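Throughout, a chain's letter reflects where its sequence line sits, starting with A, and its residues are numbered from 1. The model shown is predicted, which means the values in this text are computed figures rather than measured ones.
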2 protein chains.
Amino acid sequence: MPDTLSLTFSALADPTRRAMLARLSRGEASISDLGKPFRKRMSLPAITKHVKVLERAGLITKARRAQQRPCKINPEALKDVADWMEQYRQYWEESFDRLDAYLKTVTATEPKKGDTDEQSK
Amino acid sequence: MPDTLSLTFSALADPTRRAMLARLSRGEASISDLGKPFRKRMSLPAITKHVKVLERAGLITKARRAQQRPCKINPEALKDVADWMEQYRQYWEESFDRLDAYLKTVTATEPKKGDTDEQSK
DNA sequence: GCTTTATTTAACCATACAGTTAATTAACTA
DNA sequence: TAGTTAATTAACTGTATGGTTAAATAAAGC
């Protein structure tokens with residue numbers, strides 16, 4: 001069982017699933033709604049599987065209404081990714097102001113030990 | 001061949017590789033430097049492979065200095081991820097100010113067609 | 001030239017992942 | 001109750017991924 005962040009990143013590592021998220025950012029949608037753009041290329045079970053991956057990664061939640069399973073975006077997982085990204089902001093932003101602020105908070109709290117192993121596997 | 005963004009996300013979907021990036025955010029490091037925290041658990045060829053994944057995803061670049069291969073973070077790929085994330089900022093931020101601004105730019109340029117298919121596969 | 005250090009390649013293995021078709025379940029509709 | 005719609009499960013297939021050990025390459029150092 002991989003950690004949640006790995007699960008989330010790997011869910012995002014597929015254009016079909018990213019397109020589904022994009023669709024959901026325009027509002028709730030059922031499984032078949034989500035699958036519509038891909039039905040020429042992909043079977044319905046394949047669609048269900050993709051949705052399940054998004055769900056397991058915490059990126060969406062699924063409810064039940066009659067036969068439908070309306071899905072919507074779940075902010076939690078996206079926030080985790082955003083938080084992780086934040087520590088690298090310095091690398092893609094020209095201004096280093098945020099880095100200064102960040103380094104101040106980090107060097108203040110962390111005991112500055114050697115090579116760290118964040119593994120959970 | 002998957003698109004670059006998919007390649008990047010899938011490179012980030014592994015705690016070993018994220019730890020390597022974290023190490024690199026503290027400065028350049030050779031392959032064996034990068035592998036040091038994992039050597040109890042993982043062989044050197046495994047390390048090389050992980051580095052290769054990061055490289056292929058555009059997250060790092062590798063140079064050559066004598067026998068060493070000093071690696072450093074490449075901002076490009078991180079920026080692509082950050083840019084992609086930006087469109088979902090509304091979901092994890094309590095303030096919706098940025099959403100307003102974003103929606104203004106998007107609804108202005110996009111012709112507002114039906115279900116879109118961003119696929120490249 | 002031989003040895004050591006740093007990294008890579010080759011060959012292999014097990015498991016995970018993305019897709020398929022066929023069958024099944026669940027809830028509504030006539 | 002029979003039929004339709006929405007989604008899922010089962011069983012299977014091919015390919016990608018993450019690891020291994022053993023062998024090869026490349027640059028330095030003696």
Side-chain angles (χ1 to χ4, degrees), chain A residues 1-4 6-20 23-24 28-57 59-72 117 119-121, chain B residues 1-4 6-21 23-24 28-57 59-72 115 117 119-121:
Chain A
M1 273 144 249
D3 60 295
T4 311
S6 298
L7 224 48
T8 306
F9 274 126
S10 103
L12 294 176
D14 182 292
T16 302
R17 290 191 291 260
R18 288 198 304 277
M20 286 175 166
R23 167 64 188 79
L24 287 176
E28 283 197 11
S30 69
I31 305 289
S32 31
D33 285 346
L34 285 178
K36 208 167 291 167
F38 315 110
R39 285 312 318 280
K40 309 146 206 162
R41 210 176 326 153
M42 199 179 289
S43 71
L44 239 131
I47 306 284
T48 327
K49 281 187 184 183
H50 278 299
V51 173
K52 208 164 261 173
V53 171
L54 289 169
E55 200 185 6
R56 198 162 103 85
L59 284 162
I60 67 169
T61 57
K62 212 168 25 169
R64 35 199 324 163
R65 179 153 61 243
Q67 304 107 314
Q68 269 104 299
R69 297 287 176 276
C71 302
K72 62 166 189 254
D117 185 348
Q119 298 287 107
S120 49
K121 195 186 248 179
Chain B
M1 275 143 248
D3 59 294
T4 311
S6 298
L7 224 48
T8 306
F9 273 125
S10 103
L12 294 176
D14 182 292
T16 303
R17 289 191 292 260
R18 289 198 303 276
M20 286 174 166
L21 268 192
R23 168 64 188 79
L24 286 176
E28 283 197 10
S30 70
I31 305 289
S32 29
D33 286 345
L34 285 177
K36 207 167 293 166
F38 316 110
R39 286 310 320 278
K40 307 146 207 162
R41 209 175 328 151
M42 199 179 290
S43 70
L44 242 135
I47 307 285
T48 327
K49 281 187 183 183
H50 278 298
V51 173
K52 208 165 259 173
V53 171
L54 289 169
E55 202 185 5
R56 199 163 103 85
L59 283 162
I60 67 169
T61 56
K62 216 171 17 173
R64 37 198 325 164
R65 178 152 63 244
Q67 304 107 314
Q68 269 104 301
R69 297 288 174 275
C71 303
K72 63 165 189 254
D115 284 332
D117 185 348
Q119 296 290 106
S120 49
K121 195 184 249 179

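- Comparing A:Ala46 and A:Arg69, the nucleotide of DNA chain C nearest to each residue sits closer to the 5' end for A:Ala46.
- Salt-bridge formation is not detected for the pair A:Glu55/A:Arg69: no Lys NZ or Arg NE/NH1/NH2 atom is positioned less than 4.0 Å from an Asp or Glu carboxylate oxygen.
- In this structure, the nucleotide among C:dT21, C:dG19, D:dA7 sitting nearest to the side chain of A:Lys49 is C:dG19.
- The side chain of B:Arg64 approaches D:dA26 more closely than any other nucleotide in the set D:dA26, D:dA7, C:dA6.
- No hydrogens or angles considered: a donor-acceptor pair under 3.5 Å links the side chains of A:Arg18 and B:Ser6.
- In this model, the phosphate group of D:dG19 is not approached by any side-chain N or O of B:Ser43 to a distance below 4.0 Å at OP1 or OP2.
- Considering only heavy atoms from C-beta on, B:Leu12 stays 4.5 Å or farther from B:Arg17 through its side chain.
- When each of B:Val53 and B:Pro45 is assigned the nucleotide of DNA chain D with its nearest heavy atom, B:Val53 is the one assigned upstream, toward the 5' end.
- Among the heavy atoms of the strands lying under 4.0 Å from B:Ser30 are primed sugar atoms or P, OP1, OP2 only; no base atom is included.
- Nucleic acid contact class of A:Ser32 (heavy atoms, under 4.0 Å, all strands): sugar-phosphate only.
- Here the C1' atom of nucleotide D:dT5 and the NZ atom of A:Lys36 are 13 Å apart, to the nearest Å.
- Regarding A:Arg39, its CZ atom lies at a distance of 13 Å from the C1' atom of D:dT5, rounded to whole Å.
- Without hydrogens or angle criteria, B:Arg23 side chain to B:Leu34 main chain gives no donor-acceptor distance under 3.5 Å.
- Between B:His50 and D:dT17, a side-chain N or O to OP1/OP2 separation shorter than 4.0 Å is absent.
- Proximity of A:Leu44 to A:Arg39: side-chain heavy atoms (C-beta onward) are separated by under 4.5 Å at one or more points.
- Taking atom CZ on B:Arg56 and atom P on C:dT8, their separation rounds to 16 Å, with Å as the unit.
- Distances shorter than 4.0 Å separate none of the side-chain N or O atoms of A:Lys62 from OP1 or OP2 on D:dA6.
- Atom pair A:Ile31:CD1 and C:dT25:C1' shows a separation of 15 Å (rounding to whole Å applied).
- The shortest distance between the side-chain N/O atoms of A:Lys52 and the OP1/OP2 oxygens of D:dT9 is below 4.0 Å.
- In this structure, the CG atom of B:Leu44 is 10 Å from the P atom of C:dA6, given to the nearest Å.
- Ranking D:dT5, D:dT8, C:dT8 by closeness to the A:Gln67 side chain, first place goes to D:dT5.
- The CD atom of B:Gln68 sits 14 Å away from the C1' atom of D:dG29 (whole-angstrom rounding).
- At the phosphate of D:dG18, OP1 or OP2 sits under 4.0 Å from a side-chain N or O atom of B:Arg17.
- Here C:dA18 presents its P atom at 12 Å from CE of A:Met20, a figure rounded to the nearest Å.
- One atom, CD1 of B:Ile60, and another, P of C:dT7, lie 12 Å apart when rounded to the nearest Å.
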